[in-house]
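Below is one structure, written out as structure tokens, with a few remarks after it.
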Amino acid sequence: MCGRYTLGMTPAEVLAALRAEGPPPDQPPRWNVAPTQAVIVAVITNEGGRRLRHMRWGLIPRWAKDPAIGNRLINARAETLAEKPSFRDAYRKRRCLIVADGFYEWRKVGGRKEPVWIHPVDGGVLTFAGLWETWKGPDGATVESCTIVTTEANALIGTFHHRMPVILPEEARDRWLDPAPREPSELADLLVPFPPERLALRTVTTRVNSPAREGPDLLDPAPPAEGGGDSITE
DNA sequence: CCAGACGTTGTT
DNA sequence: GTCTGG
DNA sequence: CCAGACGTTGTT
DNA sequence: GTCTGG
């Protein structure tokens with residue numbers, strides 16, 4: 001799954017990395033992005049370019065009476081999203097990229113959970129396959145919200161966790177964003193896997209990854225574990 | 001027909 | 001809104 | 001995902 | 001333990 005991630009780039013860097021038009025995102029670098037918060041999302045414009053927007057993380061279905069329903073719809077399983085009432089319309093017509101530069105998964109060490117930060121080997125941006133939706137409240141207020149598509153863990157992450165976000169490589173982004181309505185049968189071809197060898201792991205020192213904690217210090221490397229290292233942890 | 005669900009993950 | 005279960 | 005709450009009444 | 005909020 002993907003329930004916590006980072007985007008520690010400046011707004012200008014984010015805009016350039018996505019080759020997006022329009023203003024840069026109005027949000028500082030982040031190292032502890034949590035569900036229900038405003039996140040940075042790329043969508044396609046009517047002219048075929050990309051634009052960055054802020055959306056609430058946790059998709060609120062159009063039919064929801066209580067927007068809190070979105071609090072738990074932070075992920076959409078790739079295996080079922082094309083059929084699920086909460087996601088199928090968004091899959092057909094409202095696909096997006098959720099912009100990150102790393103994400104956390106937790107591995108069990110003894111009885112405890114230890115955060116691991118997964119990031120591109122050479123830095124830079126990661127784009128998660130996402131879906132988005134517009135919700136209108138009874139008072140006329142509208143909320144745009146989004147969810148991150150998940151899939152089975154790849155060879156790297158599968159060593160300690162069984163799910164992960166779908167990370168689209170650069171060459172798959174435009175096709176995911178293309179506004180053409182998509183059928184369920186097209187999904188598998190749209191979700192191009194990101195090569196595991198282009199990702200690296202880093203164990204994080206921080207044991208209490210509180211939502212209040214922010215800053216690059218969250219990513220300070222942990223001290224080496226007893227009894228030898230982990231060759232895939234940088 | 002109406003009522004109620006509609007989702008994911010992890011853990012048991 | 002739309003589908004499923006009773 | 002993790003962190004933090006988890007309850008009521010009446011009175012000020 | 002389980003749910004809600006961030």
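Predicted model, so just to flag it, every value in this text is computed and none were measured. A note on names: the letters A, B, ... follow the listed sequences, proteins ahead of strands, and every chain is numbered from 1.
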Acceptor/donor pairs from residues 173-180 of chain A side chains to any protein atom, 3.5 angstrom cut, sequence neighbours excluded:
unit_1	atom_1	unit_2	atom_2	d
A/R173	NE	A/T127	OG1	2.9
A/D174	OD1	A/R50	NH2	2.9
A/R175	NH2	A/D189	O	2.6
A/W176	NE1	A/C96	O	2.9
A/W176	NE1	A/G130	O	3.3
A/D178	OD1	A/A180	N	2.8

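Under the ring pair (Phe, Tyr, Trp, His ring centres under 6.0 Å) criterion, A/F103 pairs with A/F128, sequence neighbours left out. For A/E197, there are no side-chain hydrogen bond (donor to acceptor under 3.5 Å, both in side chains) partners at least two apart in sequence or on another chain. A/A68 pairs by the side-chain contact (heavy atoms from CB on, under 4.5 Å) definition with A/D66, A/N71, not counting sequence neighbours. Among residues two or more places apart in sequence or in another chain, the side-chain contact (heavy atoms from CB on, under 4.5 Å) test is passed with A/T80 by A/R77, A/K84.
When hydrophobic residues (I, L, V, M, F, W, Y) are linked wherever their side-chain heavy atoms come within less than 4.5 Å, the members clustered with A/W135 are A/I60, A/V143.
The distance between the ring centers of A/W57 and A/Y5 falls below 6.0 angstrom.
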Set out, line by line, the N/O atom pairs under 3.5 Å between protein and nucleotides 9-12 of chain B.
unit_1	atom_1	unit_2	atom_2	d
B/dT9	OP1	A/T150	OG1	2.5
B/dT9	OP1	A/R163	NE	3.3
B/dT9	OP2	A/R77	NH1	2.6
B/dG10	OP1	A/H161	ND1	3.2
B/dG10	OP1	A/H161	NE2	2.1
B/dG10	OP2	A/H162	NE2	2.1
B/dT11	OP1	A/K108	NZ	3.3

List every contact pair, protein side and nucleotides 2-6 of chain B side both N or O, where the distance is under 3.5 Å.
unit_1	atom_1	unit_2	atom_2	d
B/dC6	O3'	A/S86	OG	3.3

Would you write the dot-bracket representation of DNA chain D, where each base gets (, ), [, ], | or . depending on whether it forms a Watson-Crick or G-U pair under 3.5 Å and with which partner?
||||||......

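In the 5' to 3' direction, nucleotides of DNA chain C lying under 4.0 Å from heavy atoms of chain A begin and end at C/dG1 to C/dC3.
Listed by first and then second residue, the salt bridge (charged side-chain N to carboxylate O under 4.0 Å, His left out) pairs involving residues 5-25 of chain A are A/R19-A/E170 (not counting sequence neighbours). Listed by first and then second residue, the salt bridge (charged side-chain N to carboxylate O under 4.0 Å, His left out) pairs that reach into residues 116-145 of chain A are A/R53-A/E144, A/R62-A/E133, A/R94-A/E133, sequence neighbours excluded.
Between A/W117 and A/H119, the ring planes lie parallel to each other; the angle is under 30°, not in the 30° to 60° tilted range.
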